[in-house]
Amino acid sequence: MSGPREGMKFWFGMYPSITFADGKCHVIPGFGNTGLFETSEGLVVFDVPIKQNALKTFNEIRNKTDKPVKYLIFSHGHFDHAFGFGPFLEEIREKGWEMPEIIGHENCVRRFNKYKMLEQYHNWINSQQFASVAPKDKTVATVSPEHSLEPTILMIGNEAKHSFNLGGVEFNLFHDKGETDDSIWMWIEEKETICTGDLLLSSFPNIGNPYKVQRYPLDWALALEKMIEKEAKFLIPGHGKFIEGREKVKDALSITSEAMHFVHDEVVKRLNEGKWFEQIYHEMMEIFPDKFKKHHMLSPIYGCYRFAIHATYRLYHGWYNTGNPTDLFPAKSNDIATELLKINDARSYLNHAVSLFEKDNFQLALHIIDIVLKGREKVTDDLYLDALILKSKILKKKATAEPSFIAANIIKNAVNQFKEEINILKQKLVK
Ligand SMILES: [Zn+2]
């Protein structure tokens, strides 16, 4: 069985843990995945999952071994890789063990500080990005940045490398930029294993996430090329399926690197041709090669190609992206809509939106409905309600057809907000 739904199951780590190589290496799947390596002197743990998965991952590790954790490595400081450490700390306190070394890049510490500064903001955007799986109680924060675990060994600088030996096994860490500026990946030659963190996923790379800060397409491609050189036999990705077999590992890394190069180079080419974002975006949508579109490693279940175009453009360009001076200091969109409603009444716009909807031209229909919704002052309650209901209906159809978890959640989140507004308006109209 394959397809987006099956893909999401793996994405969320809903598959049994896997033991590989010499029986001392394990993948503990979760949101995200944990790499576990047993040595005669203790354990090396690469990433801990989201806080909500922490106990499950901890218990799975303790079903395999009772050795103490000696090293904990954060592939990066995202909440699904560096915050599910609670049960480990509790165990250390109970047993009176020494704290393990925590390894992270210096930018990981900056990230934790940023999370503390922007806590409410991050909770707000994450409740949208994860709308379909977020706790119902909005007061329950997904992450508490106050409880981050500070690295004890910092990898410093852009070319950072760090190696350590535990129980005779050599672990090699490398820093590269990609999804984040604090990424670390691990190579264990003796076990022929790479742990990639989010530099590799069972999805199109999460680059250009609509809510999140700048990401790095070219550095990402180059990082994957460095990994290919290792000729690994086993690969633990940040999310999704464990990959086994030299050819499969190479294929997963190569196709992802190629796709990153493609998006990067094609956007750069068009920037050099003096094109604005809209033209670049729509041209890029026309030329997306089938070999990427159809590859299981690049299915758009989380990040997607459409977002990657934005990411590359934003890396090199400022916010003025239309080339139209009207957009430099624009009027309020509500005021523009109100003026449009003076030319034609709301009913004619709405009728037109309905006809576009009936021809399955959902996106254009949405633009026209927005004139009615944004021109609220000029629109009667019953017409406004009809417009809201139509928009909601279109968005539901779009959400159902949308493969990207992030894009679908943005849409679903809006539908949920409309639901409330529609109910209030219906009650008001009945009275
Ligand atoms: Zn992740």
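Computed from a predicted structure; not experimentally measured. For ligands, and for the atoms within them, numbers begin at 1 and follow the listed sequence.
Taking the centre and axis of the six-membered ring of Phe174, the NZ or CZ atom of Lys161 falls outside the cone set by 45° and 6.0 Å. For the pair Arg376 and Tyr384, the cation-pi test (distance below 6.0 Å, angle within 45°) is passed.
Phe171 and Tyr71 have their aromatic ring centers separated by at least 6.0 angstrom.
If you look at Asp80 and ask which of its N, O or S atoms sits nearest the Zn ion (ligand 1), the answer is OD2.
Here His239 contributes NE2 and Asp198 contributes OD2, and at the Zn ion (ligand 1) these two atoms make an angle of 120°, given to 10°.
Applying the side chain to side chain contact (heavy atoms under 4.5 Å, CB included) test between Trp185 and each of His76, Met227, His175 identifies Met227 as the sole match.
The nearest N, O or S atom of His81 is closer to the Zn ion (ligand 1) than 2.8 Å.
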